[in-house]
Number of protein chains: 4
Amino acid sequence: MSEPEIHPHDPRWRRLPEERPRQILLAAIEVFGEYGIAGAKLEEIATHAGVSKGTIYLYFQSKEELFREVVRQLLVPAIAELEREVTGGNAADQIERYLRVHWARFERPGTAGWVRLVLTELPKYPDLAAFYFDEAIAKSNHVLGDILRRGVASGEFRTIEPVVAISMIKAILLTHVLWSEAPMPETLSAVRPRADRIDDIVDFVLHALRPCAPSHAAL
Amino acid sequence: MSEPEIHPHDPRWRRLPEERPRQILLAAIEVFGEYGIAGAKLEEIATHAGVSKGTIYLYFQSKEELFREVVRQLLVPAIAELEREVTGGNAADQIERYLRVHWARFERPGTAGWVRLVLTELPKYPDLAAFYFDEAIAKSNHVLGDILRRGVASGEFRTIEPVVAISMIKAILLTHVLWSEAPMPETLSAVRPRADRIDDIVDFVLHALRPCAPSHAAL
Amino acid sequence: MSEPEIHPHDPRWRRLPEERPRQILLAAIEVFGEYGIAGAKLEEIATHAGVSKGTIYLYFQSKEELFREVVRQLLVPAIAELEREVTGGNAADQIERYLRVHWARFERPGTAGWVRLVLTELPKYPDLAAFYFDEAIAKSNHVLGDILRRGVASGEFRTIEPVVAISMIKAILLTHVLWSEAPMPETLSAVRPRADRIDDIVDFVLHALRPCAPSHAAL
Amino acid sequence: MSEPEIHPHDPRWRRLPEERPRQILLAAIEVFGEYGIAGAKLEEIATHAGVSKGTIYLYFQSKEELFREVVRQLLVPAIAELEREVTGGNAADQIERYLRVHWARFERPGTAGWVRLVLTELPKYPDLAAFYFDEAIAKSNHVLGDILRRGVASGEFRTIEPVVAISMIKAILLTHVLWSEAPMPETLSAVRPRADRIDDIVDFVLHALRPCAPSHAAL
DNA sequence: CATGAATGAGGCTTCATTCAT
DNA sequence: CATGAATGAAGCCTCATTCAT
């Protein structure tokens, strides 16, 4: 209909073989996060990546394999990387730092989709889930477990099974990430929209861990 | 054609027509919970309900409308019903009771699907989410908020914004329900499989709420 | 563009579950025969059968499975059926009858495609080929072998390995069927278009089998 | 950039550019022969030829044009060349020589693909078929026709229309070449695998041609 | 010249929805 | 009412063809 102005340097596409896979993966994690595996359309991933449908197949064998690579190349490294950032200070400081580092990480737009991805899609792929657990979860569990054990030993924390505390901490963190994005977070949770929700989380977790006098909660 | 009560060649038995919609809704919540909205197939819902695909359309206009009715007729009432069961005792007892009642409720097979539905599918339908919030969440928030306010007032709990405590409690509860289900709970969380996980939850929550100073034990 | 006259009894389709599979198979054998498995389009098979694309999948799991059923339900029975028609007379008469019966069979329009199907597609499916061999080829070999052995024993035919004569007879028959249809038969063979090509075939085969005086061909 | 003869780091060796089209044609006839026109992938032809996909388009306008050139530049000359080799001896000797020369020719690996190409793909391209007929078939028909006419005239052969004998001879020859190849020859034909199948063919053809009456041996 | 990255039309397949029975 | 056969839009994937490098 409209004559696009044709310049001699108006190529329809460019050769970017080095960047393509990453472009596609980044587009994929976004779209998968929003719609899930079944609901994500390759067409949309391609558009987001600025390529055509067929191009995806130059780098990934299938939609499922693309999802697998998203987990392998983006999810797992991103999670694994977080663990390195938690250092220094006493146990409570480290817990706080752990929470804030993760929160900051997940505040980046589009990352809440990751949580949904992990919660709802990963269980369908046992091998992926196992890989994810080994490479990402186990490490963070180790980091958190160390902090908790140290805190308990030093009396900074009350006596608590590290594995239990870990699951509570992660439950709180992940769910609030999920609630923090998307349409109407406050609708599904009870949370009033607050930018500093992470303060509440830190506060709640540290209170739950602090040592106690004659506890009535031991019942 | 139909002389249902007497004829010896009568096929097994037949449900009253009025029950059809409910059969379908029950099948739908199960299948939606397992596969999500996009992944659920009407064929499978029909099979679960013991009817044919076409029959669904006699009672529901479309797949989406069916999902809406699932939320309206099953999810909301089921959640709303729970709130009535929490009564009596001091604030800590009531919190514990709240947690245990909900946990027991969600331990029924198939109910973890509800949680996934609410956490991951509902946000896509703002109007449904609002309805769900008004009819189900708001009530439970009210119940919990009352308990918390009373506990804080009586000194049983530390000073904490009820709305914050509510979101923490629900985050922990819902996530553990999700993890307690079928495919590899312990793989994606850090949780060792334990039947008494609810004890850990109660313990953690009450510790988080108890007063700060060397407790001069309320009550 | 054109308003089709809508009568109250102008249904867009009719329920014909009994006939559908056969309609589709008949359309499929035609289209497969013309284009091969890869070249055949389900769209065209559907059109030939007077149904929509989706309908094919109500009765056949996939394009390949459709092809398999064509072989199983149409090709093999059609070939097998032929063998029953060869009876009576001396050996030469029976050979002639065998040739003419098969020729008549393959003269039906569309059947030359069968030959191409068997020659070019069947080898790709070893299990199908084995089935076809057992159910169709082996029987016809048996029939032909019997005739030949009897002819040799009675002195009606010269001494010849039945298995050799069989392959010669089939080679001649199949190739001429292939040449007998399609665009320009006489172009690829040397054959002038003649309705009574089968007479030439009968003549040639019987001459090749007839007993001989001091043979110079025995070298 | 290119100093091909001297440099020690010169990659292996390189074909002269003039050979490229031939490389591609040779690869193409192989792949076309195995998979047919529709089933053949340019990617595979390129790989076989040791070039890239794009290179094919430097020499051939399209896949179909490539097939046309295969017929024009390889099939036709190869067939035409065969005719020159049949000389000397009496008619029967020449027929035998014709059969053995062709058989030897087609025994070269990959050449059975030619037969399939001619029998099953060529008919789809009437102009190609006509060209093939004029350039290859007509010549061989002429050669064979001459032999046959001479044989009939000398009494060495029985009275038979040359054109008929030609089609029988070619039918037998081509089909057995097809069956002699790779996937389950003995399954689709009745032929036991035998290295000396050509002896059977020669024997059968000569018997079919020999004079009828108690032979007073010509020559 | 040669490459191979990129494209996009076209085919197979699924499944929500419709409708004759 | 209920059925399930039939439809067809839409999505995944392939591969002949184009074109920047």
Side-chain angles (χ1 to χ4, degrees), chain A residues 8-20 38-46 50-66, chain B residues 1-2 14 17 20 38-46 50-66, chain C residues 8-20 38-46 50-64 66, chain D residues 1-2 14 17 20 37-46 50-66:
Chain A
H9 296 296
D10 191 18
R12 285 192 298 165
W13 44 268
R14 220 167 302 187
R15 285 167 68 103
L16 291 168
E18 305 305 315
E19 307 177 21
R20 284 283 177 264
K41 299 174 207 170
L42 283 184
E43 181 73 57
E44 188 164 0
I45 294 175
V51 300
S52 73
K53 258 183 308 175
T55 300
I56 295 175
Y57 287 86
L58 296 178
Y59 301 100
F60 306 95
Q61 290 188 358
S62 69
K63 193 182 176 182
E64 179 180 327
E65 193 54 34
L66 174 57
Chain B
M1 263 308 175
S2 64
R14 58 188 68 190
R20 278 280 148 75
K41 299 176 205 170
L42 282 186
E43 181 71 56
E44 188 164 4
I45 294 174
V51 301
S52 73
K53 247 190 313 179
T55 301
I56 295 177
Y57 284 85
L58 294 176
Y59 300 101
F60 305 95
Q61 289 188 4
S62 69
K63 192 180 175 183
E64 181 179 328
E65 194 53 35
L66 174 57
Chain C
H9 298 295
D10 191 17
R12 285 194 295 167
W13 44 267
R14 219 166 301 186
R15 286 167 66 103
L16 292 167
E18 305 306 314
E19 307 176 20
R20 283 283 179 263
K41 300 175 207 170
L42 282 184
E43 181 72 58
E44 188 164 1
I45 293 175
V51 300
S52 73
K53 257 184 308 175
T55 299
I56 294 175
Y57 286 85
L58 295 178
Y59 301 100
F60 305 96
Q61 290 188 357
S62 68
K63 192 180 177 183
E64 179 180 328
L66 174 57
Chain D
M1 262 309 174
S2 66
R14 57 187 68 190
R20 278 279 149 76
I37 294 185
K41 299 176 204 170
L42 283 186
E43 182 72 56
E44 188 163 3
I45 294 174
V51 300
S52 72
K53 245 190 315 178
T55 301
I56 294 176
Y57 284 85
L58 294 176
Y59 300 101
F60 305 96
Q61 289 188 4
S62 69
K63 192 180 176 182
E64 180 179 329
E65 192 55 33
L66 173 58

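Note that these values count all heavy atoms, side chains included, but never hydrogens, waters or copies made by symmetry. By convention in this document, chain letters (A, B, ...) are assigned in the order of the sequence lines, proteins followed by strands, and residues within each chain are numbered from 1.
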Query raised in the report: Where each residue is assigned the nucleotide of DNA chain F containing its nearest heavy atom, which of D:Glu64 and B:Gly50 is assigned the position nearer the 5′ end?
Result: B:Gly50
Report task. Specify the residue among B:Val51 and D:Gly39 whose closest nucleotide of DNA chain F lies further upstream toward the 5′ end. Result -> B:Val51
Report summary line: To the nearest 0.5 Å, atom CZ of A:Arg20 lies from atom CG of A:Leu58 at 9.5 Å
**Report entry** Gap between atoms CG and P, on B:Leu66 and E:dC15 respectively (whole Å)
**Finding:** 17 Å
Requested in this report: Would you mind reading off the distance between B:Glu65 atom CD and E:dT17 atom P, rounded to a whole angstrom?
Outcome: 11 Å
**Report entry** Any A:Tyr57 side-chain heavy atom under 4.5 Å of A:Leu42 side chain
**Finding:** yes
**Report entry** Over all atoms of both residues, closest heavy-atom pair of A:Ala46 and A:Ser52
**Finding:** CB-C, 3.7 Å
**Report entry** Distance, rounded to the nearest Å, where B:Phe60 contributes CZ and E:dA16 contributes C1'
**Finding:** 16 Å
Query raised in the report: Is the CD atom of D:Glu65 crowded by more than 12 outside heavy atoms at less than 6.0 Å?
Result: yes
Report summary line: Writing each nucleotide of DNA chain F 5' to 3' as (, ), [, ], | or . by Watson-Crick or G-U pairing under 3.5 Å yields .||||||||||||||||||||
Query raised in the report: With respect to the side chain of B:Leu58, which nucleotide from F:dA6, F:dC1, E:dT3 is positioned closest?
Result: F:dC1
Requested in this report: Could you check D:Ser52 against B:Ser62 and say which one's nearest nucleotide on DNA chain E is further toward the 5' end?
Outcome: D:Ser52
Query raised in the report: Given E:dC1, is OP1 or OP2 found less than 4.0 Å from the side-chain N or O atoms of D:Arg20?
Result: no
Query raised in the report: Taking the side chain of A:Thr55 as heavy atoms from C-beta outward, which of E:dT7, E:dT14, E:dT3 is closest to it?
Result: E:dT7
Requested in this report: Starting from P on F:dC15, measure out to OH on D:Tyr57 and report it in whole angstrom.
Outcome: 13 Å
Query raised in the report: Roughly, in whole Å, what's the span from CD in D:Glu43 to C1' in E:dA6?
Result: 13 Å
Query raised in the report: Distance-only, no hydrogens or angles: does the A:Lys63 side chain make a donor-acceptor pair with backbone N or O of A:Ala40 under 3.5 Å?
Result: yes
Report task. Side-chain contact test, heavy atoms from C-beta onward, threshold under 4.5 Å: evaluate it for C:Leu66 versus C:Ile45 and give yes or no. Result -> yes
Query raised in the report: Which whole-number value in Å describes the distance from C:Gln61 CD to E:dC12 P?
Result: 17 Å
Report task. Please list, chain by chain and in numerical order, all residues satisfying side chain to side chain contact (heavy atoms under 4.5 Å, CB included) with D:Glu43, sequence neighbours excluded. Result -> D:Thr47, D:Lys53
Query raised in the report: Given atom CD1 of C:Ile56 and atom P of F:dT7, what is their separation to the nearest angstrom?
Result: 10 Å
Using the 3.5 Å cut-off, write out each protein N or O paired with an N or O of nucleotides 9-11 of chain E and the distance between them.
residue: E:dG11; atom: OP1; partner: C:Lys41; partner atom: NZ; Å: 3.2

Query raised in the report: NA contact type, A:Tyr59, heavy-atom cut-off 4.0 Å: base, sugar-phosphate, or nothing?
Result: sugar-phosphate
